[in-house]
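Only heavy atoms go into these numbers, but all of them, side chains included; no hydrogens, no water, no symmetry mates.
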Amino acid sequence: MKKLLLYILLATSLAAIAAKDDAWTRGEQARHADFLFMEAMRQNALENHDAYFELLNRAYALDTTQTAVGHDLGYLKMMIAENDTNFFKDGYRLMAKHFAAHPEDYYSSMFYGQINDRLRNSKEAIRVWSTLDSLFPDKIDVTVKLAEALGASGDPDNIRRSVDVYNRVEVAEGKDVGITSRKIRSLYSLGDTAAIKKELRSLLAASPRSAEFNIYAGDLSMALSEPDTALMYYNRACELDSTNGMAFFQRANLYRELGDSVAFDREVFTALRQDNLDLDAKLQMFKGYIQELYSDSLQQPRINSLFNVLLEQNPHEVDVRDLYTAYLIAIDDFAGAAEQTSYALDIDPSSEERWRALASLYFQADDVPNAIQAGKKALHYHPDNAQLWLITGSGYSMVDSIDQALEYYGRALELVDSTNYNLKAQIMASTADAYYKQNNVEKAIELYEQVVQIDPGNLLALNNYAYYLACEGRDLDKAEQMSAITVRDNPQNSTALDTYAWVFFKKGDYAMARQYIDAAIANMDPEEDNAEIYHHAGDIYFMDGKPDEALEFWRKALKLDPNDELLQRKVSHKTFFYK
């Protein structure tokens, strides 16, 4: 008996010691977990995101009773899960666990509720916001979240409950367009038009002289397909506040919907002159106005005057300059568009795309010197942009400053990303063109051979390479193959057709050459007669036994290029000369 009692006492003592050790171990783990969590917060503040995640993970593994740590870890897991659904689900589980344990943790519970809103977990979202609403009845943000979740559920009973919740908000906060509009959205989804109109009357009764409330009433009436009622509200808003640009803006949109172009025109002018109308709203209205009227040349002075008003009001807004530029391009005023782009760049010279656009606009306006200057100025701000070096080199090539062109192309080739095959091919093709202008035919052909290897789908390179081979009378079968590709992909491109015709001319197939030169002429832009195409047509027709037609084509070419000595001889002698 004494021995048994000794065993019992010994076992009890050992159990007590073990329990004490376990408690000490758990306490030590909890303290270590707290340390890791604090260090995780510090790493997060330092934006060391990998360390933050690893430390959170270790802290929670040491003490899983710390659900707040689990919440932070869970939120982070959901944010970085991407396509790992198990990772995402584990993160969601950790957040749900903390909410179940501590719904009174306001900010964590708000995060959890918002996550459920985003995931459209309607049932859980309603449960979360209902719980928070009961815990924090004075927090209007929570009450509104509950109403939104009820309304988004799609369940008619929940939607009706959302209206009741919004009513609570209005009792606490007073009438507000934002809350009323949310309530009306719920009623709209129920198809309760009578209730919608009752809410609208209640809103207007709360502040009948509010221009904002009347504008909303007009918007709602338009949504209900009641344009006459909408016009009444918009008119009232304009009368109540003659400086409210939004009232005029919405009334203008109504006239536009009704097809009343005269009234729309009047309202646009009135609205755009309102200083207090938001610039984005003005630009939105103006875009619609321009789209309808830009093609009418009689409207151009009025549109220009409106742009002047906008620029006086917003002289430093590049968005206005960009819209003006787009309009001027649409009416083919490239010089004016370049001027507006230049002003925009004075405001913000950081846009590489806008610098490229400026040079392109100068090229389209046939103002190559300014295109070159724009390129050089752009390179002051963006010296490592290969495309800007290419553009500036192209300008020098156009004015036959070939050495400078080659210098700029060379720098572009040094800077271009080796994986950007398209741009690299463009630079090399431009370099080849420059060499050809210098009569360095071998170098030009060598480069073009590399271009078509790098970018075999580059139609411009294929066309130019084929043309150079034809002009030199070299490898005409290859020239025909390349030119055939460009014609197949651009069957109405006059330049491609002209090259194809010239290849056949060089091969002595004058019938085929005439067929394609006729197609080239038929597809020429009537506003851009091309002397070279007419010159080729004359040569082809002459060699195909039609000297009279040939002479007419040569005369057309000479009219466009009166300084061409070879053309002068052909017209003067009425016969073909090789050189």
Side-chain angles (χ1 to χ4, degrees), residues 163 166 170 174-296 298-299 301-303 305-307 309-310 313-314 323 327:
V163 174
Y166 282 129
E170 285 189 334
K175 284 289 183 182
D176 174 79
V177 168
I179 295 300
T180 298
S181 66
R182 288 183 172 94
K183 193 194 305 186
I184 284 175
R185 275 202 298 271
S186 292
L187 293 169
Y188 193 85
S189 67
L190 293 171
D192 194 342
T193 305
I196 290 172
K197 291 184 176 180
K198 181 180 177 182
E199 286 295 334
L200 187 58
R201 289 193 296 271
S202 175
L203 176 69
L204 291 170
S207 185
R209 297 193 61 78
S210 167
E212 180 189 8
F213 286 9
N214 278 277
I215 292 169
Y216 174 71
D219 295 345
L220 183 59
S221 298
M222 282 297 290
L224 294 173
S225 301
E226 297 178 356
D228 291 340
T229 306
L231 182 58
M232 176 192 72
Y233 286 123
Y234 291 144
N235 286 340
R236 186 181 298 168
C238 292
E239 292 167 6
L240 290 167
D241 184 359
S242 61
T243 66
N244 191 312
M246 186 55 68
F248 291 98
F249 174 70
Q250 293 300 81
R251 190 165 70 177
N253 285 335
L254 169 61
Y255 285 129
R256 186 181 179 192
E257 289 289 322
L258 296 175
D260 188 341
S261 59
V262 174
F264 173 62
D265 188 69
R266 182 187 67 242
E267 292 300 311
V268 167
F269 274 73
T270 305
L272 291 179
R273 286 188 167 86
Q274 301 298 322
D275 290 333
N276 68 333
L277 180 58
D278 181 75
L279 177 60
D280 289 339
K282 288 182 178 181
L283 291 177
Q284 181 183 347
M285 177 193 293
F286 204 16
K287 284 176 184 175
Y289 184 75
I290 292 169
Q291 286 169 358
E292 289 194 6
L293 300 177
Y294 82 90
S295 59
D296 183 353
L298 297 176
Q299 296 294 333
R302 305 188 72 187
I303 293 174
S305 70
L306 281 177
F307 269 118
V309 170
L310 280 178
Q313 295 171 339
N314 307 277
L323 181 59
Y327 165 67

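Of the possible polar contacts, one joining the N214 side chain to the S210 backbone as a donor-acceptor pair under 3.5 Å is found. Counting only distance, with no hydrogens or angles, the side chain of S221 and the backbone of A217 share a donor-acceptor pair below 3.5 Å. Put simply, the side chain of Y234 gets close to the backbone of D219: a donor and an acceptor are under 3.5 Å apart.
In terms of heavy atoms, S207 sits closest to F213 at CB-CE2, 3.7 Å. Here the closest non-hydrogen pair linking A211 and L240 is N-CD1, 4.2 Å. The two residues A206 and P208 come nearest to each other via the heavy atoms C-CD, 4.0 Å.
The line from CG of L203 to NZ of K183 is 9.0 Å long, rounded to the nearest 0.5 Å. The distance from the CZ atom of R182 to the CG atom of D176 is 8.0 Å, given to the nearest 0.5 Å. Taken to the nearest 0.5 Å, the OG atom of S186 stands 11.5 Å off from the CG atom of D192. For the atom pair CG (L224) and OH (Y188), the distance works out to 6.0 Å, reported to the nearest 0.5 Å.
The side-chain heavy atoms of L200 and I196, taken from C-beta on, include no pair separated by under 4.5 Å. Residues M232 and N235 form no side-chain contact, since every pair of their non-hydrogen atoms from C-beta on lies 4.5 Å or further apart. Inter-residue side-chain proximity for I184 and Y216 is flagged as met; some heavy-atom pair is nearer than 4.5 Å. T180 has its side chain out of reach of Y166: every pair of non-hydrogen atoms, C-beta onward, lies at least 4.5 Å apart.
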Q. Does the side chain to side chain contact (heavy atoms under 4.5 Å, CB included) test come out yes or no for Y233 and L204, once each step is laid out?
A. CA-CA 10 Å; Y233 286 123; L204 291 170; 3.4 Å; yes
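Applying the salt bridge (Lys or Arg N to Asp or Glu O under 4.0 Å) rule to K175 yields the partners E170, E199; only residues at least two apart in sequence or on another chain are considered. Every side chain to side chain contact (heavy atoms under 4.5 Å, CB included) that P227 has, sequence neighbours left out, goes to M222, L254, L258.
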